[in-house]
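Below is one structure, written out as structure tokens; comments come after it.
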Amino acid sequence: MIDLSIKIGGAAGQGLQTVGALLGKAFVRGGYQVLAVQDTMSRIRGGHNTFQIRVKDGPVRAMCRGVDLLVALDRESLEVDMKDLKPGGIAICDRAALKVEGNDPRVLDAPLEKLAVAETGKKVAANVVSTGVVLGLLDFGTQHMEKLVADGFGTPELAQGNVRAVRAGHDLARKDLASRFAHPIRPATGPRRMLLTANDAICLGAIAAGCRFMSAYPMSPSTSILTYLAGSGDRVGLVTEQAEDEIAAINLALGASMGGVRAMTATSGGGFALMVETLSMLGVSEVPLVIVDCQRPGPATGLPTKTEQADLMFVIHAGHGEFPRAVLAPGDARQAFEATVRAFNLADRYQVPAVVLGDQFLADSYFTCEPFDLSGVPFETSLLSEPELAALPDYRRYAVTDSGVSPRAFPGQGDRLVMTDSHEHDEHGHIAEDPATRTRMNDKRLRKGRGLAARMGEVSEIGPRDARTALVGFGSTLGVLVEAAGALTAAGRPARVVHLCDVWPFPAATVEAALRGADEIVVVENNATGQLAGLVCAHTSRRDPRRVLKHDGGPFLVEDLAARLAKTEVRS
Amino acid sequence: MIDLSIKIGGAAGQGLQTVGALLGKAFVRGGYQVLAVQDTMSRIRGGHNTFQIRVKDGPVRAMCRGVDLLVALDRESLEVDMKDLKPGGIAICDRAALKVEGNDPRVLDAPLEKLAVAETGKKVAANVVSTGVVLGLLDFGTQHMEKLVADGFGTPELAQGNVRAVRAGHDLARKDLASRFAHPIRPATGPRRMLLTANDAICLGAIAAGCRFMSAYPMSPSTSILTYLAGSGDRVGLVTEQAEDEIAAINLALGASMGGVRAMTATSGGGFALMVETLSMLGVSEVPLVIVDCQRPGPATGLPTKTEQADLMFVIHAGHGEFPRAVLAPGDARQAFEATVRAFNLADRYQVPAVVLGDQFLADSYFTCEPFDLSGVPFETSLLSEPELAALPDYRRYAVTDSGVSPRAFPGQGDRLVMTDSHEHDEHGHIAEDPATRTRMNDKRLRKGRGLAARMGEVSEIGPRDARTALVGFGSTLGVLVEAAGALTAAGRPARVVHLCDVWPFPAATVEAALRGADEIVVVENNATGQLAGLVCAHTSRRDPRRVLKHDGGPFLVEDLAARLAKTEVRS
Amino acid sequence: MSGDGIGIASHTSWCPGCGNFGILRAEKAALDGLGLKARDVLLVSGIGQAAKTPHYVAANGLCGLHGRALANATGAKLANHALTVLVHTGDGDCLAEGGNHFLHAVRRNVDLTCIIHMNQVYGLTQGQAAPTSDPGFVTRTQPHGVISARANALTLALAASGTFVARGFTGNEEHLSGLIRKAIEHRGFSVIEVLQPCVSMNHVNTFAWYKERVYDVTAAPGTDPADRSAAFAKALEWGDRIPIGVLYREERPCFEDLVPVLRGGPLVRQPALQPEVLEALVDELC
Amino acid sequence: MSGDGIGIASHTSWCPGCGNFGILRAEKAALDGLGLKARDVLLVSGIGQAAKTPHYVAANGLCGLHGRALANATGAKLANHALTVLVHTGDGDCLAEGGNHFLHAVRRNVDLTCIIHMNQVYGLTQGQAAPTSDPGFVTRTQPHGVISARANALTLALAASGTFVARGFTGNEEHLSGLIRKAIEHRGFSVIEVLQPCVSMNHVNTFAWYKERVYDVTAAPGTDPADRSAAFAKALEWGDRIPIGVLYREERPCFEDLVPVLRGGPLVRQPALQPEVLEALVDELC
Ligand SMILES: Cc1ncc(C[n+]2csc(CCOP(=O)(O)OP(=O)(O)O)c2C)c(N)n1
Ligand SMILES: Cc1ncc(C[n+]2csc(CCOP(=O)(O)OP(=O)(O)O)c2C)c(N)n1
Ligand code: SF4
Ligand code: SF4
Ligand SMILES: [Mg+2]
Ligand SMILES: [Mg+2]
């Protein structure tokens with residue numbers, strides 16, 4: 001079985017993400033499955049960043065602490081990252097360029113910069129050379145990498161130089177170093193697979209769902225959604241606009257949605273905070289909208305480039321007044337794709353805001369997936385067709401119905417006029433202040449929450465059904481929960497996973513049922529207060545779950561989580 | 001026993017509040033206790049508004065539906081408000097001016113406009129004349145009212161004209177109408193009492209607590225706080241600034257607080273929504289601040305001039321990331337005064353945001369109170385004195401302590417520099433991104449929540465301790481709960497009240513203890529989803545309380561609530 | 001609805017004598033003059049007295065949050081640029097709560113018409129100063145009188161590269177209606193600041209106060225509506241004389257013209273994507 | 001700390017060659033020149049590369065949220081107007097997220113110095129357009145190039161009645177430090193837009209690009225720094241020639257001068273209230 005962890009460490013500006021992602025993709029094209037995560041600091045140059053790739057010949061769902069191969073592109077990486085080297089693991093660095101001495105036998109010297117300058121004329125291509133070295137050490141060959149570099153590196157000249165740089169690294173490794181590392185990974189042929197971040201997947205979901213307008217204000221770790229959609233807009237008939245701030249971003253999107261197109265916005269917690277008043281406006285006006293919150297550690301600016309799951313209760317309760325909403329917290333790229341499609345459908349069908357709750361781990365990590373079927377996604381809408389609209393004897397945008405869902409039309413769709421107002425209003429959308437109308441309309445809106453609740457089905461149960469230990473989580477912990485449960489089970493203490501993608505309306509009955517038979521319930525969250533655990537307490541009969549929490553900015557790693565789970569912790 | 005309800009109905013622009021408040025104050029000066037509530041529409045002229053005064057010779061805590069005396073200043077009032085007239089109740093109107101016919105014996109005709117023009121030259125003074133009529137009917141005399149009008153009506157001429165108008169109304173009533181109404185209220189001498197809104201009380205609390213800076217953006221029903229403080233600022237050394245928006249309002253206040261003075265802002269739910277990102281900034285930067293949210297019905301613009309209690313969960317969970325905060329929901333003017341003082345002290349002591357949760361009912365209703373002691377309020381601070389600061393060998397603004405509270409200083413206070421940052425930071429306030437510092441600082445901040453939780457004491461238990469029915473509420477329902485519990489108890493079904501002023505950190509143990517012995521728990525809330533009931537379920541052993549909810553924009557009225565409580569409702 | 005023009009309400013919640021009525025009538029005249037159908041018109045507003053306007057016109061309406069009208073209008077226009085979109089916004093709505101959106105809407109130059117109801121006060125919330133209030137204006141929240149300088153929508157629009165900058169007065173409805181018409185016809189973002197006396201809350205800047213000061217700038221000799229600096233100098237005029245009319249006008253491609261996707265027609269009418277297009281996106285990630 | 005002047009950091013997280021270093025040095029020189037003590041100086045910022053500046057100066061610092069620096073600075077100054085308060089803000093921080101606060105801070109004319117680090121790009125978030133980016137500027141979020149007109153901090157400040165409006169360039173540190181000094185000395189709100197090349201994210205508006213365009217406006221004949229319209233015309237200049245220097249300056253009482261309470265000294269130093277004062281408040285409500 002192949003299960004190899006490769007870490008590239010260096011400073012901002014050294015192109016870790018660029019070469020790391022290419023390397024990951026080369027492995028995927030070569031038949032393997034990959035998960036790659038980034039750990040960066042909030043700066044443009046310098047600092048200590050890493051890009052870590054785990055390569056397997058089977059599904060890979062989470063990251064481990066241990067590293068087999070370290071590529072240290074700066075001194076700090078050698079200082080910081082060596083501790084994670086597994087027995088038998090090795091590190092590569094350019095001793096001359098980094099001005100490091102020492103005779104640690106685990107550290108192999110490779111003249112990356114010299115080769116970079118020789119092949120491309122630029123020192124910075126040392127990173128590209130290093131990928132060649134890695135491929136050489138693994139005996140993977142450079143075929144896939146060369147093609148990726150040739151296609152992805154701008155001008156033909158630039159590309160050619162970099163292809164040579166890859167080869168130079170590879171040849172060096174084969175010649176001088178290969179004997180030092182005994183984990184060959186030969187390229188195989190396998191099914192065609194995608195390597196993408198969950199943010200990419202969200203974009204694909206949006207496009208597949210027919211999103212036509214996206215406005216956002218840049219904010220890590222959500223910015224890549226805006227970037228992706230801006231770059232593809234022309235092809236997919238989607239307009240993006242970088243707004244002046246998040247309030248504008250969501251209000252542009254609201255306007256577009258009221259105008260009749262599917263629309264979305266994306267941000268992180270701080271930007272979401274600025275959108276809260278408008279969330280409430282979506283509630284009263286019943287304009288559908290998808291909002292992505294890529295969480296990062298707070299409060300406030302917090303740790304802009306790190307990960308956390310601390311916006312759950314905030315997002316569920318955000319907004320003055322009472323109105324239904326959907327909150328979906330996908331666990332990986334595939335769930336992100338599907339949850340985004342579902343978010344558009346739920347938003348449209350129930351005329352509510354739907355929040356996709358991501359985080360930095362999901363946003364910046366690369367997942368291996370079977371290709372998505374973008375043409376085959378379900379489509380649900382509450383928008384009237386033109387004939388339906390024309391057939392109505394009397395069009396009332398906010399007609400009171402049993403389901404709470406009213407017939408939606410857009411301005412200019414037919415001869416019927418559409419009025420939307422942020423006040424309490426009557427069925428025609430005109431301001432109303434009398435108690436009876438108020439109660440009727442508020443009840444009508446809240447009734448939609450019931451329909452929505454019936455649709456909150458995405459709760460995964462993974463692992464031995466009879467395991468007495470249930471690990472509960474939401475969002476990005478999916479993979480690590482599954483791997484840790486596997487480790488526990490393998491160690492003779494069977495554990496299963498109950499993972500919520502759909503978190504609000506809280507799927508109480510489903511969770512209750514999933515927890516049946518479990519003696520020990522452990523809620524695992526990337527936050528400090530156990531927010532999901534709070535929901536479990538409030539909405540199920542399980543009142544005192546054990547909480548395993550982490551709020552240091554990093555995702556859980558498999559070994560660490562398994563170790564913490566194995567320990568019998570004092571309940572808090 | 002005297003217990004009389006007087007309602008003045010009319011259109012916006014007819015000065016209902018002005019004359020109503022004066023009338024209320026006249027009764028208070030005349031030895032009675034008063035509660036007066038306003039029900040208005042969101043417009044400057046027209047619409048249907050009422051100002052209702054309940055006068056008792058003892059404490060008055062809530063409003064009833066029944067009216068003894070209706071002053072109808074427009075036709076709509078006659079149409080709408082007559083239905084609330086009690087048996088024996090009468091209405092006064094100016095038939096000629098309102099062009100109303102009819103021979104309802106309950107309606108007395110009074111030429112208010114004619115007298116107004118005669119005495120002041122202006123029709124609009126009909127409202128003032130009507131107060132004279134009321135006083136005449138009650139045989140209360142005009143002594144107190146004349147003084148109030150003389151002191152409160154601008155130029156001496158204006159005042160004189162209005163004094164004459166009061167007298168003219170009074171004399172008319174004594175001469176022609178008095179026989180028709182048989183509830184005399186003669187002025188008595190009693191202790192000196194205040195008549196004030198809870199918003200006034202919040203202002204007094206802020207001033208007593210030493211607040212020196214207040215910034216806000218106008219928003220009903222919070223605007224009167226800005227207005228009051230702007231009007232008193234020169235006397236009490238307080239600067240107010242009307243900000244360009246709510247984000248500016250809270251950030252101005254944050255700057256002032258960081259600068260070393262006690263500061264606050266006030267808004268309603270929609271404005272609070274805009275402040276949420278900064279709430280989180282207060283969390284990470286540990287800058288104390290008091291924020292008043294005068295709730296009104298949402299979502300969004302909702303019903304701008306009506307009342308609701310639907311921001312509870314929102315305010316508790318607002319903000320990305322995790323940080324402690326205090327939320328206090330006073331039940332009347334006295335609690336508003338005390339809660340505001342406490343909010344300043346808790347904010348300052350624990351370096352957290354403290355939210356005072358009011359609502360339109362509290363904001364616009366007039367309560368009778370024994371005079372507050374502004375000079376005698378407690379004072380707690382975490383701000384270092386200058387000698388304390390100078391004595392520190394090494395000043396660390398965010399020093400990690402057991403309590404989580406760090407030594408606070410302000411720029412320019414001594415030679416020590418103060419650095420405050422919205423990122424995660426080290427003890428000196430400089431940006432930190434490493435996991436260990438992050439965890440330590442996040443833990444430190446969250447530890448303050450424990451100290452805070454220990455201080456959440458303001459839970460009132462009122463009524464027979466052994467009553468098996470407990471009515472639970474928070475905020476502005478205090479009075480009506482007490483009166484309704486009294487009514488139930490009197491009707492042979494003993495009920496007691498558990499009222500939370502302190503709602504967050506949720507005083508779970510106190511509430512659990514208070515509910516002990518109760519078989520039936522009824523949570524009464526001015527909202528549609530039972531938010532407090534949700535907290536009770538999540539934090540106590542009581543999992544299925546009955547919910548009595550109202551979300552039509554109006555406060556509960558005693559008769560209505562008592563009737564609903566008496567009914568055995570199907571549990572939802 | 002199109003035959004007799006666009007209906008306006010006979011009952012409103014405005015005060016009798018309010019300047020807003022003049023705007024309502026002038027707008028109806030402009031829309032009628034252009035022969036626009038109600039179904040193709042969208043009126044967008046925020047919150048305030050001005051912002052109630054869409055409720056009084058028989059057209060489509062989106063009355064959003066306080067301050068956010070321009071962002072909503074921009075989104076709606078980009079979703080369906082076949083609509084004629086007008087924004088009704090108070091001076092507080094537009095320049096206080098919505099100040100940032102105003103700046104950036106002007107820069108963006110989407111084809112919207114922004115009508116600022118300039119009463120120099122907060123009407124709906126009962127008389128606080130607006131950013132446009134004159135220094136010294138005394139209110140209960142500004143008991144010492146306003147301290148900050150008067151916000152000037154016209155200088156700001158000019159500074160933010162506005163392409164159509166005008167001022168009207170409710171005391172001259174015909175002129176105002178002509179301005180609104182020109183603004184709608186202008187391809188790009190047009191700003192009309194309308195002097196709109198608030199009879200209930202502003203007893204300084206009254207109808208008479210404006211009446212005796214306004215003059216039509218197009219009558220002034222040597223005024224070149226294409227010279228931004230000259231327009232700025234005119235826009236600074238505020239005192240004994242207040243210019244009305246079009247102060248500045250420039251032809252520049254509007255935002256919609258420059259977004260390739262929109263050349264395919266209104267977004268809301270564009271066809272579903274072909275499977276090949278979608279498949280290609282997946283391919284790129286394999 | 002006062003003897004050798006205010007310390008600046010030798011290690012920063014800025015990129016080598018970044019224009020921000022020039023601002024840091026120029027500011028130190030200005031503060032030293034004025035003999036200010038670190039304890040009496042407060043640097044306020046938002047978020048961005050520019051906004052990291054307070055961490056690199058040994059003075060008091062308040063690094064708030066993205067876009068909110070001016071509001072924070074205003075509050076801090078009103079709490080303690082004995083402090084010298086400078087604001088470091090990026091062009092995105094100041095004119096996008098913080099655009100509304102900028103407008104109103106200018107109007108308010110509190111005695112603050114606002115230094116806008118103008119690199120025409122979002123540095124920290126890696127290269128999106130700023131409102132100040134030139135039309136046509138291509139980024140990954142603006143693949144067709146920027147469409148909106150360039151936001152111009154100087155015309156905006158002039159439009160909002162700014163009392164001190166200047167531009168500097170990091171390529172001329174002495175000049176810049178002179179500007180900062182004048183701005184601090186100015187009683188009222190002063191705006192300095194600093195051309196600050198971003199070597200990592202903006203490869204169009206480079207050091208050389210600015211260098212060959214800037215000229216000192218004070219050298220230009222016939223420039224009257226007290227004529228707002230003339231300053232506006234100057235501020236519109238942006239192309240082959242870019243003016244630097246003080247474009248406009250006016251003496252007008254600053255906000256603090258007009259608030260009666262502040263005449264009693266900084267709020268933070270004012271004594272506790274007398275019981276009589278408090279009692280009178282209660283009396284009024286009885
Ligand atoms: C977020 C928010 N803040 C404040 C308000 C309260 N509010 C409603 S309208 C308004 C200002 C009205 O002034 P303006 O925009 O000038 O309109 P006018 O009534 O004068 O036409 C305010 C402050 C609100 N609705 N929402
Ligand atoms: C509410 C919010 N939105 C977005 C961000 C992300 N963000 C941080 S700095 C920045 C812009 C940086 O550009 P600029 O202000 O020009 O500063 P520079 O880095 O160029 O100096 C953005 C969008 C944030 N921190 N907070
Ligand atoms: S308050 Fe002023 S703006 Fe509002 S309707 Fe009345 S007159 Fe018009
Ligand atoms: S990204 Fe640009 S602005 Fe930021 S430090 Fe680097 S060069 Fe300076
Ligand atoms: Mg106004
Ligand atoms: Mg910038």
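Chain A is the first sequence line, chain B the second, and so forth, proteins listed ahead of strands; every chain is numbered from 1.
Using a 4.5 Å cut-off between heavy atoms, B:T278 contacts chain D through both its backbone and its side chain. Heavy atoms closer than 4.5 Å to chain B are found in the side chain of D:I47, but not in its backbone. Both the backbone and the side chain of D:L273 come within contact range of chain B, each with at least one heavy atom under 4.5 Å from a heavy atom of that chain. With a 4.5 Å cut-off on non-hydrogen atoms, D:N80 touches chain B through its side chain but not through its backbone. With a 4.5 angstrom heavy-atom cutoff, B:D200 touches chain D only via side-chain atoms. Using a 4.5 Å cut-off between heavy atoms, B:Y228 contacts chain D through its side chain alone, with no backbone atom that close. Heavy atoms of B:R416 lying under 4.5 Å from chain D belong exclusively to its backbone. For chain D, no part of B:H425 is nearby; none of its heavy atoms comes within less than 4.5 Å. Looking at B:A253, neither its backbone nor its side chain comes within 4.5 Å of chain D, counting heavy atoms on both sides. Looking at D:V282, both its backbone and its side chain come within 4.5 Å of chain B, counting heavy atoms on both sides. D:L62 touches chain B through backbone and side chain together, each having a heavy atom under 4.5 Å away. Heavy atoms closer than 4.5 Å to chain B are found in the side chain of D:L83, but not in its backbone. With a 4.5 Å cut-off on non-hydrogen atoms, B:I247 touches chain D through its backbone and its side chain both. Contacts between B:I431 and chain D at a heavy-atom distance below 4.5 Å involve backbone atoms as well as side-chain atoms. Using a 4.5 Å cut-off between heavy atoms, D:A59 touches chain B through its backbone atoms (N, CA, C, O) alone. Contacts between B:V236 and chain D at a heavy-atom distance below 4.5 Å involve backbone atoms as well as side-chain atoms. Heavy atoms of D:P266 lying under 4.5 Å from chain B are absent altogether. Within the 4.5 angstrom heavy-atom criterion, no atom of D:L103 approaches chain B.
Across all their heavy atoms, B:P411 and D:L42 have their closest contact at CG-CD1, 4.2 Å. Taking all atoms of both residues into account, the shortest heavy-atom contact from B:S422 to D:G64 is OG-O, 2.8 Å. Heavy atoms only, all atoms of each residue included: D:L262 and B:V239 are closest at CD2-CG2, 3.8 Å. For D:C63 against B:M419, the heavy-atom pair with the smallest separation is SG-SD, 4.2 Å. D:L267 and B:G237 make their closest contact through CD2-O, 3.6 Å (heavy atoms, listed as atom of the first residue, atom of the second, distance). Smallest separation of non-hydrogen atoms from D:A58 and B:L417: C-CD1, 3.6 Å.
Here B:R235 pairs with D:E284 in a salt bridge; the nearest charged N to carboxylate O distance falls below 4.0 Å. Between D:R107 and B:E244 there is no salt bridge, since no side-chain nitrogen of the basic residue lies less than 4.0 Å from a carboxylate oxygen of the acidic one. With respect to B:E386 and D:R269, a salt bridge is recorded, a charged nitrogen being found less than 4.0 Å from a carboxylate O. A salt bridge links B:R192 with D:D283: at least one charged nitrogen is closer than 4.0 Å to a carboxylate oxygen.
Using a 4.5 Å heavy-atom threshold, the side chains of D:R108 and B:L252 count as touching. In this structure, D:V259 and B:E241 have side chains that are not in contact, with every pair of non-hydrogen atoms separated by 4.5 Å or more. The side-chain heavy atoms of B:L238 and D:V261, taken from C-beta on, include no pair separated by under 4.5 Å.
With values rounded to the nearest 0.5 angstrom, B:T420 atom OG1 is found 9.0 Å from D:N60 atom CG. In this structure, the separation between CG on D:L65 and OG on B:S280 is 7.5 Å, given to the nearest 0.5 Å. With values rounded to the nearest 0.5 angstrom, D:L285 atom CG is found 8.5 Å from B:F372 atom CZ. Of the inter-residue distances, the one linking B:D421 atom CG with D:K52 atom NZ reads 10.5 Å to the nearest 0.5 angstrom. Here CG of D:N100 is found 5.0 Å from CG of B:D245. Values are rounded to the nearest 0.5 Å.
Interface check for chain D: of the options B:Q413, B:H428, B:R262, the most heavy-atom pairs under 4.5 Å are formed by B:Q413. Among B:S285, B:G260, B:S375, B:G376, the residue making the largest number of heavy-atom pairs under 4.5 Å with chain D is B:S375. With respect to chain B, the highest number of heavy-atom pairs below 4.5 Å among D:G61, D:A76, D:A69 belongs to D:G61. Among B:D151, B:D234, B:L254, the residue making the largest number of heavy-atom pairs under 4.5 Å with chain D is B:D234.
Between the side chain of B:R212 and the backbone N or O of D:A79, no donor-acceptor pair lies under 3.5 Å. Between the side chain of D:N72 and the backbone N or O of B:N251, at least one donor-acceptor pair lies under 3.5 Å.
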